[in-house]
J.: 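Just passing along the structure, written as structure tokens.
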Amino acid sequence: MDFDKSLNELKGCADKGLLRDVEFTPEMQRAVQKRIASTSRAGAGIGWKWLGAAVCACLIGFGLLVPSPPNALPPAASDGNLWQPSASHTTPVDGKPLTYLGEKPVRVITGDMYEKQGQKAMFLLNGPLAANEQVQLVGENQQGERIDLGKYAIGSKLYDADGHFPTGLTLPTAGLWKIEVRYRNEVLGNIVLTIKAGVSPSNESLVLPLITQFLQTTDDFAWIGDKRKVSIELLGVDSPSADQRMVYAKVTIESEQANGSAVAAPMKFNIVYQGGDYRVIDYQMPRDGSDYWLDIRSIFPSEIVEKLRASGHAKKG
């Protein structure tokens, strides 16, 4: 039998099936020839069935073909993403330090970011960018949730970038988020941001004094007394826009007089920018009795409801 011819014919068949990704090297061919020769000496003639078995045995020996156990599941899919936060870099520009996240062609200048709370960001872009065109931002987290973050006009050169655009980013959950910058329907580049849980220090310093003053002065709690002590535990803040805050908190309002009245309840506050300043324009709190948890579920988002359940919070008054 012409072994070289047989091997070439067998490889042609294998290319159409299980062995299509295996490349027959000279070493492999010599091993198969040796195996076939020893098999043919043990019995007259050799069929394609035995030839195939000899080849498979050699491939297993080379570690290129591993038999699958019965009912084996296919390997888990992987998208190849490393999901590492983009590194921070500092470089001098015009004699001053410039700190940004990411690598060219897409970088961003921003501060710490918190879930559901907007943060200003300046994107720096490099590449052959045309004037008066737009880029689109798409966010994706590790769970595969994707959200459209809007389109933005590319501005002129800035620092060492060929183009830039400012924006406010709001991501819905804590964790790692990859932000794709798409230009002409292609991915120009991306950055991976760490989104923190809880309330940002800037929002905390903004909303706590406003809520405290509101609860101390509103007539809705005049029955507690003119002088009221207010304690606030923030549960979350949503900032759907720069001029609005939805604040969720556990609140205790007490009279400063001995043996005075008090109330403790979870509350939702709507804070908006009006007349050149932020102010509380309304609030909601649950009713007593059997309506309490019904109101909780209608007033607060699900993640805040879970926090209240976990803390066993109940209204008193």
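Being a predicted model, the structure only gives us computed values, none of them experimental. Numbers for residues simply follow the sequence, beginning at 1.
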J.: With sequence neighbours left out, write down each residue that passes side chain to side chain contact (heavy atoms under 4.5 Å, CB included) with Thr90, or none if nothing qualifies.
T.: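 With sequence neighbours excluded, Thr90 shows a side chain to side chain contact (heavy atoms under 4.5 Å, CB included) to Pro97, Thr99, given in chain and number order.
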J.: Indicate the atoms forming the closest heavy-atom contact of Gly198 with Tyr114, along with that distance.
T.: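 Closest approach of Gly198 to Tyr114, heavy atoms only: O-CD2, 3.9 Å.
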J.: Which salt bridge (Lys or Arg N to Asp or Glu O under 4.0 Å) pairs, counting each pair once, include a residue from residues 219-237, with sequence neighbours left out?
T.: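 Residue pairs passing salt bridge (Lys or Arg N to Asp or Glu O under 4.0 Å), neighbours aside: Glu233-Lys250.
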J.: Which heavy atom of Ile296 sits nearest to which heavy atom of Pro266, and what is that distance?
T.: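 For Ile296 and Pro266, the tightest heavy-atom pair comes out as CD1-CG, 3.5 Å.
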J.: Rounded to the nearest 0.5 Å, what separates atom OH in Tyr273 from atom CZ in Arg245?
T.: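 Tyr273 OH to Arg245 CZ: 11.5 Å, rounded to 0.5 Å.
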J.: Return the minimal non-hydrogen interatomic distance between Pro209 and Leu206, and the atom names on each side.
T.: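 So the minimum-distance heavy-atom pair works out to CD-O, 3.6 Å.
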J.: Once you round to the nearest 0.5 Å, how far does NE2 of His164 lie from OH of Tyr159?
T.: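 Output value for this atom pair is 9.0 Å.
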J.: Taking only residues at least two apart or on different chains, which pairs with a member in residues 89-107 satisfy salt bridge (Lys or Arg N to Asp or Glu O under 4.0 Å)?
T.: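 Only Lys104-Asp160, Arg107-Asp160 qualify under salt bridge (Lys or Arg N to Asp or Glu O under 4.0 Å).
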J.: Run the side chain to side chain contact (heavy atoms under 4.5 Å, CB included) test against Ala174 and tell me which residues pass, sequence neighbours left out.
T.: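 Ala174 satisfies side chain to side chain contact (heavy atoms under 4.5 Å, CB included) with Glu115, Ala197 once adjacent residues are dropped.
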J.: Report the residues that fulfil side chain to side chain donor-acceptor pair (under 3.5 Å) with Asp112, sequence neighbours left out, ordered by chain and then residue number.
T.: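 Side chain to side chain donor-acceptor pair (under 3.5 Å) check on Asp112 returns Lys196.
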J.: Quick check for you: to the nearest 0.5 Å, what is the distance between Leu235 atom CG and Ser311 atom OG?
T.: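 The OG atom of Ser311 is 7.5 Å from CG of Leu235, to the nearest 0.5 Å.
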J.: Do the side chain of Thr110 and the main chain of Lys120 share a donor and acceptor less than 3.5 angstrom apart?
T.: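 Checked: pair present.
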J.: Report yes if the side chains of Phe269 and Val207 come closer than 4.5 Å at any heavy-atom pair, otherwise no.
T.: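 Answer no - side chains too far apart.
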J.: Tell me which pairs pass side-chain hydrogen bond (donor to acceptor under 3.5 Å, both in side chains) where either residue lies in residues 298-308, with sequence neighbours left out.
T.: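 Output for this query lists Lys116-Glu303.
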J.: Does CD belonging to Gln142 count more than 12 external heavy atoms closer than 6.0 Å?
T.: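 Yes, because the 6.0 Å sphere around CD of Gln142 holds more than 12 heavy atoms from other groups.
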J.: Can you list every pair that meets salt bridge (Lys or Arg N to Asp or Glu O under 4.0 Å) and has a residue in residues 200-215, with sequence neighbours left out?
T.: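 Sorted pair list comes back empty.
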J.: Which residues, ordered by chain and number, are linked to Val108 in its hydrophobic cluster, where ILVMFWY side chains connect at heavy-atom gaps below 4.5 Å, directly or through other members?
T.: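 Result for Val108 is Leu101, Val106, Met113, Phe123, Leu125, Leu129, Val135, Leu137, Ile147, Leu149, Tyr152, Ile154, Phe165, Leu169, Leu171, Trp177, Ile179, Val181, Tyr183, Leu188, Ile191, Leu193, Ile195.
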J.: Crowded around Gln257 CD? As in, over 12 foreign heavy atoms under 6.0 Å?
T.: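 Atom CD in Gln257 is not packed in, count stays at 12 or less.
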J.: Does Thr212 have any side chain to side chain contact (heavy atoms under 4.5 Å, CB included) partners at least two apart in sequence or in another chain, and if so, which?
T.: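 Only Gln216, Val230, Ile232 meet the side chain to side chain contact (heavy atoms under 4.5 Å, CB included) criterion with Thr212.
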J.: Rounded to the nearest 0.5 Å, how far does OG1 of Thr91 lie from CG of Leu98?
T.: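 OG1 of Thr91 is found 7.0 Å from CG of Leu98.
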J.: Keeping to residues at least two apart or across chains, list the salt bridge (Lys or Arg N to Asp or Glu O under 4.0 Å) pairs with something in residues 260-274.
T.: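 Not a single pair qualifies under salt bridge (Lys or Arg N to Asp or Glu O under 4.0 Å).
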J.: Do Val138 and Val187 make a side-chain contact, defined as non-hydrogen atoms from C-beta onward lying under 4.5 Å apart?
T.: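 Val138 does not reach Val187 side chain to side chain.
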J.: Say you draw a straight line from CD of Gln119 to OG1 of Thr167; how long is it, rounded to the nearest 0.5 Å?
T.: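 Going from the CD atom of Gln119 to the OG1 atom of Thr167 covers 11.0 Å.
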J.: Determine the minimum heavy-atom distance between Ser261 and Ile224, stating which atoms define it.
T.: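 The answer is O-CG2, 3.5 Å.
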J.: Testing the basics here: between Leu234 and Val247, what is the closest heavy-atom pair and its distance to 0.1 Å?
T.: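 Scanning both residues completely, I find the closest heavy atoms to be CD2-CG1, 3.7 Å.
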J.: Could you give me the CA-CA distance, side-chain angles and deciding distance for Trp293 and Leu308, then say whether side chain to side chain contact (heavy atoms under 4.5 Å, CB included) is met?
T.: CA-CA 10 Å; Trp293 282 107; Leu308 292 172; 4.2 Å; yes
J.: Distance-only, no hydrogens or angles: does the Asn190 side chain make a donor-acceptor pair with backbone N or O of Lys178 under 3.5 Å?
T.: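 No, the answer is negative, given that no donor and acceptor are paired below the 3.5 Å cut-off.
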J.: Checking Gln143 now: which residues fulfil side chain to side chain donor-acceptor pair (under 3.5 Å) with it, not counting sequence neighbours?
T.: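 Counting only residues at least two positions away or on another chain, Gln143 forms a side chain to side chain donor-acceptor pair (under 3.5 Å) with Asn141.
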J.: Supply the atom-to-atom distance Ile304 CD1 to Tyr248 OH, rounded to the nearest 0.5 angstrom.
T.: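 Spacing of CD1 (Ile304) from OH (Tyr248) equals 7.0 Å.
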J.: Mind checking whether Tyr100 and Ser86 have side chains closer than 4.5 Å, heavy atoms only?
T.: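 Of all side-chain heavy-atom pairs linking Ser86 with Tyr100, none is under 4.5 Å.
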J.: Holding to side chain to side chain contact (heavy atoms under 4.5 Å, CB included), I want the full list of residues that pass it with Asn270, two or more places apart in sequence or in another chain.
T.: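 Counting only residues at least two positions away or on another chain, Asn270 forms a side chain to side chain contact (heavy atoms under 4.5 Å, CB included) with Gln244, Met246, Val272, Ile281, Asp282.
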J.: Is there a path of hydrophobic side-chain contacts, each under 4.5 Å between heavy atoms of I/L/V/M/F/W/Y residues, joining Val192 to Met122?
T.: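 Result: no, two separate clusters.
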J.: With a 4.5 Å cut-off on side-chain heavy-atom distances among I, L, V, M, F, W and Y, is there a chain of contacts connecting Leu294 to Phe300?
T.: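 As far as the 4.5 Å side-chain criterion goes, Phe300 and Leu294 are not connected within one cluster.
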J.: For a quick test of reading the model, state the closest non-hydrogen atom pair linking Ser239 to Gln117 and the distance between them.
T.: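 That closest heavy-atom pairing would be OG-CA, 3.0 Å.
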